[in-house]
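Whatever order the structure lists ligands and atoms in, that order sets their numbers, starting from 1.
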Amino acid sequence: MRVLLVEDDADLSRQLKTALGDAGYAVDHAPGGEEAHYLGENEPYDVIVLDLGLPKIDGVSVLERWRREGKATPVLILTARGAWSDKVAGFDAGADDYLTKPFHTEELLARLRALLRRSAGHASATLSCGGLRLDPRAARASVNGEPLRLTSLEYRLLHYMMMHQGRVISRTELVEHLYDQDFDRDSNTIEVFIGRVRKKVGSDRIETVRGLGYRLTPLPGETEAA
Ligand code: CA
């Protein structure tokens with residue numbers, strides 16, 4: 001999952017970038033409204049954390065522009081304490097959730113998990129696909145109760161595929177959602193990661209759809225569950 005963090009406070013940005021990275025996200029950071037608007041318009045983020053108090057172009061204006069352009073990415077806004085009218089303006093501009101500063105990082109991570117799960121149409125906090133289960137709270141996955149040992153990129157790949165299970169996902173889409181903008185992207189490496197994840201989860205769970213991409217499905221006989 002790839003997140004855009006829009007925050008002008010350098011200390012808070014550093015802290016959140018680390019926490020989001022540790023939680024398994026690919027993170028892009030924009031310190032100002034201009035850059036935020038550009039990135040949000042051009043990169044396919046899964047979720048956006050948007051501070052409203054930004055220099056030059058404020059967060060509400062950035063959000064309004066994205067929504068006017070038809071960007072439907074879930075957005076969590078960060079507001080200053082006591083600024084209730086900011087929350088109203090933020091929601092009216094198209095925000096999906098908010099947090100008031102100061103907040104606990106754990107709460108931000110929990111709210112992002114909820115936003116991601118709702119936007120992908122999942123009701124439960126744990127994702128399952130037949131005997132394959134993934135718990136984004138603990139960043140852990142298992143097959144038939146056996147814990148999987150995944151590297152952070154393998155985990156990201158599996159998480160994204162489980163969020164969008166049953167659908168064919170192209171290599172380009174995977175590259176765009178697994179790596180941040182500074183990463184040296186090469187869609188061929190996706191094949192390598194798919195190969196590794198396949199070995200761990202059972203090769204029949206990830207189908208290659210020639211020329212189109214990959215699809216994660218339960219094994220025949222397993223019940224499909226979101
Ligand atoms: Ca600020």
Are more than 12 heavy atoms from other residues, nucleotides or ligands located less than 6.0 Å from atom CZ of R140? no
Enclosure of E207 CD (heavy-atom neighbours >12, cutoff 6.0 Å): yes
Taking it one step at a time, do K56 and E34 satisfy salt bridge (charged side-chain N to carboxylate O under 4.0 Å, His left out)? CA-CA 8 Å; K56 291 184 195 161; E34 196 80 57; over 6 Å; no
For a distance under 3.0 Å, give residue and atom name for each protein N, O or S atom next to the Ca ion (ligand 1). D8 OD1, D51 OD2, G53 O
Heavy-atom neighbours of F91 CZ exceed 12 at 6.0 Å: yes
Could you tell me whether R156 atom CZ has more than 12 heavy atoms of other residues or ligands within 6.0 Å of it? yes
Please check if atom CD in E146 has more than 12 non-hydrogen atoms from other residues, nucleotides or ligands closer than 6.0 Å. no
